[in-house]
Amino acid sequence: MIVKMLKMRLAGVEVPKRRLHDRYNSARPGTLEVVETTDQGLHRLVKLARFTYGDSGKYVDTLFDVNLLWYRDGRMVLSGFERSKVDMQFCDYAQSWLCFVGTEPPPMPEGR
């Protein structure tokens with residue numbers, strides 16, 4: 001599925017909602033897929049969301065234990081956790097992705 005994705009948290013800290021629409025201009029379109037696979041570190045089945053920028057074929061962002069929170073008017077929010085490597089150790093933190101289906105965002109509601 002072709003989407004534009006915005007991360008709603010930076011290192012686990014929520015980005016203010018009023019700034020999300022401003023950040024849309026820096027987001028690039030890509031491909032979103034959701035799969036279930038075995039995670040070697042967690043030793044169990046995990047549902048993953050993978051976001052690939054452009055046609056590179058390289059998974060740039062991965063969301064673990066992903067859940068669809070809502071879908072409406074060409075927008076959806078996926079929630080889970082991201083994993084980063086710090087000093088040879090993995091750090092997991094909460095993350096949510098705001099995804100716009102297609103490449104154009106829906107118009108901002110009036111009065112916001």
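Only heavy atoms go into these numbers, but all of them, side chains included; no hydrogens, no water, no symmetry mates.
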Stepwise side chain to side chain contact (heavy atoms under 4.5 Å, CB included) check, Arg50 with Val35: CA-CA 8 Å; Arg50 293 179 176 150; Val35 298; 4.0 Å; yes

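- Neither Phe90 nor Val66 shares a network with the other; the hydrophobic side chains, linked directly or stepwise wherever heavy atoms of I, L, V, M, F, W or Y lie under 4.5 Å apart, form separate groups for each.
- Atom NZ of residue Lys47 and atom CG of residue Leu63 lie 11.5 Å apart, to the nearest 0.5 angstrom.
- Screening residues 62-85 for ring pair (Phe, Tyr, Trp, His ring centres under 6.0 Å) gives Phe64-Phe81 as the qualifying pairs, with residues at least two apart or on separate chains.
- Atom CZ of Phe51 and atom NZ of Lys4 lie 9.5 Å apart (nearest 0.5 Å).
- In this structure, the separation between OG on Ser96 and CG on Asn67 is 10.0 Å, given to the nearest 0.5 Å.
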Val46/Arg44 under side chain to side chain contact (heavy atoms under 4.5 Å, CB included): CA gap, chis, key distance, verdict: CA-CA 6 Å; Val46 177; Arg44 62 179 172 83; 3.9 Å; yes

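- A single hydrophobic cluster is not seen to contain both Leu10 and Val86; linkage of ILVMFWY side chains at heavy-atom distances under 4.5 Å, directly or through other members, places them apart.
- In this structure, the side chain of Gln95 engages the main chain of Arg9 through a donor-acceptor pair within 3.5 Å.
- A 4.5 Å side-chain heavy-atom check between Leu32 and Met5 finds every atom pair outside the cut-off.
- For Glu36, the salt bridge (charged side-chain N to carboxylate O under 4.0 Å, His left out) criterion is met by no residue, not counting sequence neighbours.
- The hydrophobic clustering, which links ILVMFWY residues whose side-chain heavy atoms are closer than 4.5 Å, places Tyr93 and Met8 apart.
- Separating the CG atom in Leu78 from the CG atom in Leu69 is a distance of 7.5 Å, to the nearest 0.5 Å.
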Verdict with reasoning, Arg83 to Thr62, per side chain to side chain contact (heavy atoms under 4.5 Å, CB included): CA-CA 8 Å; Arg83 183 176 288 167; Thr62 303; over 6 Å; no

